[in-house]
Trainee: 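Structure below; questions to follow.
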Amino acid sequence: MAILLCGAWALDQPEGRAEQQRWLQALQQALPGEDWVLQAPEDPAQAAAIEIAVVANPPPGSLQGLPRLALIQSLWAGVDRLMQDLTLPAGIPLCRMVDPAMNEAMVQTALWATLALHRGFFQCQQQQCAAQWRQPPQLRAAEWQVLVLGQGELGGRVARSLAGLGYAVSGWSRRPRTHEGVQGLHGEDGLARGLAAADTVINLLPLTDETRGFFDARRLDAFKRGASLINLARGAHVDEQALLAALDTGHVGHAVLDVFRHEPLPAPHPFWSHPRVTVLPHTAAQTDPRSAAEVVASNVRALRSGTTLQHRVERSQGY
């Protein structure tokens, strides 16, 4: 049996081929002796030999015509783009990536951005450009309210880490969930309370039909005046024009944005030059092939031994 490795890598470009090879080497080290297929097969005999597909947002239709396919393992944490492929085989287990190294990097980025907002360090950076010497107020961490949207594996870890540094942290999710040191909120009433109280809102929601455009004018208006947004999830969560309007009035005090509707962010986009926006080039947390390959290997072994697959996607919910 064989494993298909396919993704959105531009294999006609040196960078794309190098990225695919980087993943292949890590996977071969974690799964020695496997037969790897590096593009969707056209030969029926080769297609019939494929048991597992390890994918990184492959072109639509890449997983069609694989009669023995038993597992689709994503290399990315988000599966929203994969789920948009209407040809994705139904009834085949789909697992998302929960990479411990990526999770740690995301926690680091969330802590950095929260601390910079809390202590006024983005303001200090702007003052440096103008040679201005003004000390921002030094509030205690317990006086800074943080709301983390999304309390799954990643959001829960971020919330607990912030609470461990002394921040007043609330975590909101669709269903009730609790984490030590974190005030649990759920439902629309909980969301309204959390947004009204938070000094910093961190978005780590999955992207689904329900959360697309989540930060529209109505929700941004529900922010505490001067509160800031840290978006580390998906660009499609944010109505960009509504956010720009809220930033222009100062209702939203600052936005730290790692993800955008169109990437790379076009050079003329107003986010680049807006004084209340910090732009990151989708670098808050990148999947590490070394640790991610071990996650893939664990699920491959689970499939073959008939044990429980980890991080299986509920397709009806989109994550």
Side-chain angles (χ1 to χ4, degrees), residues 7-23 26 56-58 74-82 96-117 121-126 128-129 148-150 154-155 157-158 200-207 211-215 228-244 246-247 252-292:
W9 302 299
L11 298 180
D12 58 340
Q13 301 294 325
E15 296 84 359
R17 293 195 297 272
E19 180 69 5
Q20 184 193 57
Q21 285 300 310
R22 189 165 71 104
W23 276 104
N57 290 334
S74 175
L75 293 176
W76 304 150
V79 294
D80 46 284
R81 293 178 193 172
L82 190 58
R96 62 188 181 89
M97 175 56 61
V98 178
D99 171 20
M102 188 198 77
N103 286 359
E104 184 61 30
M106 187 69 84
V107 169
Q108 292 166 356
T109 301
L111 296 182
W112 159 79
T114 300
L115 182 62
L117 292 165
F121 292 156
F122 292 129
Q123 177 186 340
C124 291
Q125 186 177 34
Q126 291 181 347
Q128 178 182 346
C129 296
V148 181
L149 301 178
L154 191 51
R157 185 166 180 180
V158 166
T200 294
V201 177
I202 302 176
N203 179 40
L204 287 167
L205 291 168
L207 182 62
T211 64
R212 193 175 300 273
F214 188 88
F215 294 99
S228 298
L229 172 66
I230 302 171
N231 186 21
L232 306 177
R234 286 287 185 265
H237 282 125
V238 176
D239 180 330
E240 293 182 350
Q241 293 306 310
L243 177 57
L244 284 165
L247 288 163
V252 173
H254 199 94
V256 179
L257 306 175
D258 182 57
V259 287
F260 306 90
R261 286 182 175 270
H262 301 287
E263 296 184 6
L265 185 66
H269 200 291
F271 281 156
W272 282 113
S273 57
H274 200 290
R276 297 180 186 270
V277 175
T278 298
V279 170
L280 302 177
H282 203 147
T283 194
Q286 300 173 22
T287 304
D288 187 322
R290 295 165 295 180
S291 51

Trainee: So I230 and V201, side-chain contact (heavy atoms from CB on, under 4.5 Å) or not? Walk me through it.
Mentor: CA-CA 6 Å; I230 302 171; V201 177; over 6 Å; no
Trainee: Do P206 and V79 come within less than 4.5 Å of each other through their side chains, counting heavy atoms only?
Mentor: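 Answer no - side chains too far apart.
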Trainee: To check you understand the geometry: which heavy-atom pair defines the closest contact between A110 and V158, and what is its length?
Mentor: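 That would be CB-CG1, 3.7 Å.
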Trainee: For the atom pair CG (L149) and CG (L232), what is the distance rounded to the nearest 0.5 Å?
Mentor: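 Here the rounded value is 11.0 Å.
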Trainee: Show the nearest heavy-atom pair for residues G253 and L247, with the distance to one decimal.
Mentor: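 Taking every non-hydrogen atom into account, C-CD2, 4.4 Å.
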Trainee: With no hydrogens and no angle check, just 3.5 Å: does a side-chain donor-acceptor pair link D99 and S291?
Mentor: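 There is such a pair between these side chains.
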Trainee: Test of understanding: with side-chain hydrogen bond (donor to acceptor under 3.5 Å, both in side chains), list the residues that count as partners of N231, not counting sequence neighbours.
Mentor: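 Residues passing side-chain hydrogen bond (donor to acceptor under 3.5 Å, both in side chains) with N231: N203.
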Trainee: By salt bridge (Lys or Arg N to Asp or Glu O under 4.0 Å), which residues pair with R290, not counting sequence neighbours?
Mentor: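 R290 satisfies salt bridge (Lys or Arg N to Asp or Glu O under 4.0 Å) with D288 once adjacent residues are dropped.
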Trainee: Do any side-chain atoms of residues 257-267 form donor-acceptor pairs under 3.5 angstrom with protein atoms, and if so which ones, sequence neighbours left out?
Mentor:
unit_1 : atom_1 : unit_2 : atom_2 : d
D258   : OD1    : H282   : N      : 3.2
D258   : OD1    : T283   : N      : 2.6
D258   : OD1    : A284   : N      : 3.1
D258   : OD2    : A284   : N      : 3.3
R261   : NE     : V238   : O      : 2.9
R261   : NH2    : A236   : O      : 3.3
R261   : NH2    : V238   : O      : 3.2
E263   : OE1    : H282   : ND1    : 2.7
E263   : OE2    : F260   : N      : 2.9
E263   : OE2    : H282   : ND1    : 3.3

Trainee: Would you list the pairs meeting side chain to side chain donor-acceptor pair (under 3.5 Å) in which at least one residue belongs to residues 265-276, sequence neighbours left out?
Mentor: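 Qualifying pairs, neighbours excluded: E240-H269, D248-H274.
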Trainee: Tell me every residue that passes side-chain hydrogen bond (donor to acceptor under 3.5 Å, both in side chains) with T200, counting only those two or more places apart in sequence or in another chain.
Mentor: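 By the side-chain hydrogen bond (donor to acceptor under 3.5 Å, both in side chains) rule, T200 matches W144.
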Trainee: Could I get the full list of side chain to side chain contact (heavy atoms under 4.5 Å, CB included) partners for R22, not counting sequence neighbours?
Mentor: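 E19, P289.
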Trainee: Under the side chain to side chain contact (heavy atoms under 4.5 Å, CB included) rule, collect the residues that match up with Q241, sequence neighbours excluded.
Mentor: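 Once residues adjacent in sequence are excluded, the partners of Q241 under the side chain to side chain contact (heavy atoms under 4.5 Å, CB included) criterion are D239, L244.
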Trainee: So how far is it from L204 CG to H237 NE2, rounded to the nearest 0.5 Å?
Mentor: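 So the gap between those two atoms works out to 9.5 Å.
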Trainee: Residues two or more places apart in sequence or in another chain: which of them pass side chain to side chain contact (heavy atoms under 4.5 Å, CB included) with E104?
Mentor: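 Side chain to side chain contact (heavy atoms under 4.5 Å, CB included) check on E104 returns Q108, R157.
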Trainee: So F122 and H254, side-chain contact (heavy atoms from CB on, under 4.5 Å) or not? Walk me through it.
Mentor: CA-CA 9 Å; F122 292 129; H254 199 94; 3.9 Å; yes
Trainee: Shortest non-hydrogen contact from S74 to L82?
Mentor: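 In this case the closest contact between S74 and L82 is CB-CD2, 4.5 Å.
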Trainee: Quick one: list whatever passes side-chain hydrogen bond (donor to acceptor under 3.5 Å, both in side chains) with T109, sequence neighbours left out.
Mentor: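 Result, side-chain hydrogen bond (donor to acceptor under 3.5 Å, both in side chains) vs T109: none returned.
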Trainee: Kindly give the heavy-atom pair with the smallest separation between G16 and W9, and that separation in Å.
Mentor: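 Between these two residues, the closest heavy atoms are O-CB, 3.7 Å.
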Trainee: Apply side-chain hydrogen bond (donor to acceptor under 3.5 Å, both in side chains) to R17 and list each qualifying residue two or more places apart in sequence or on a separate chain.
Mentor: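 If we apply the side-chain hydrogen bond (donor to acceptor under 3.5 Å, both in side chains) test to R17, skipping adjacent residues, there are no hits.
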Trainee: If you look at every heavy atom in L115 and F121, which pair is closest and at what distance?
Mentor: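 Closest heavy-atom pair between L115 and F121: O-CD1, 4.3 Å.
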Trainee: Report the C-alpha distance between F215 and L243 in whole Å, list the side-chain angles of each, state the deciding distance to 0.1 Å, and finish with yes or no for side-chain contact (heavy atoms from CB on, under 4.5 Å).
Mentor: CA-CA 8 Å; F215 294 99; L243 177 57; over 6 Å; no
Trainee: Could you list the residues that satisfy side chain to side chain contact (heavy atoms under 4.5 Å, CB included) with E15, not counting sequence neighbours?
Mentor: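 Per chain and number, E15 pairs via side chain to side chain contact (heavy atoms under 4.5 Å, CB included) with Q13.
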Trainee: Report the distance from atom CG of L154 to atom CG of N103, rounding to the nearest 0.5 Å.
Mentor: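 Rounded to the nearest 0.5 Å, the CG-CG separation comes to 5.0 Å.
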Trainee: Distance check, rounded to the nearest 0.5 Å: L207 atom CG versus R81 atom CZ?
Mentor: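 Between atom CG of L207 and atom CZ of R81 there are 9.0 Å.
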Trainee: Find the distance between CH2 (W76) and OG1 (T287) and round it off to the nearest 0.5 Å.
Mentor: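 Nearest 0.5 Å value for the CH2-OG1 distance: 5.0 Å.
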Trainee: If you take all heavy atoms of M102 and A77, which pair is closest and at what distance?
Mentor: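 Nearest heavy atoms, M102 then A77: CE-CB, 3.8 Å.
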Trainee: For Q21, I'd like to know if atom CD has over 12 heavy atoms of other residues, nucleotides or ligands within 6.0 Å.
Mentor: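 Result for CD/Q21: enclosed.
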Trainee: Run the side-chain contact (heavy atoms from CB on, under 4.5 Å) check on V277 and V279 step by step: do they pass?
Mentor: CA-CA 6 Å; V277 175; V279 170; 3.9 Å; yes
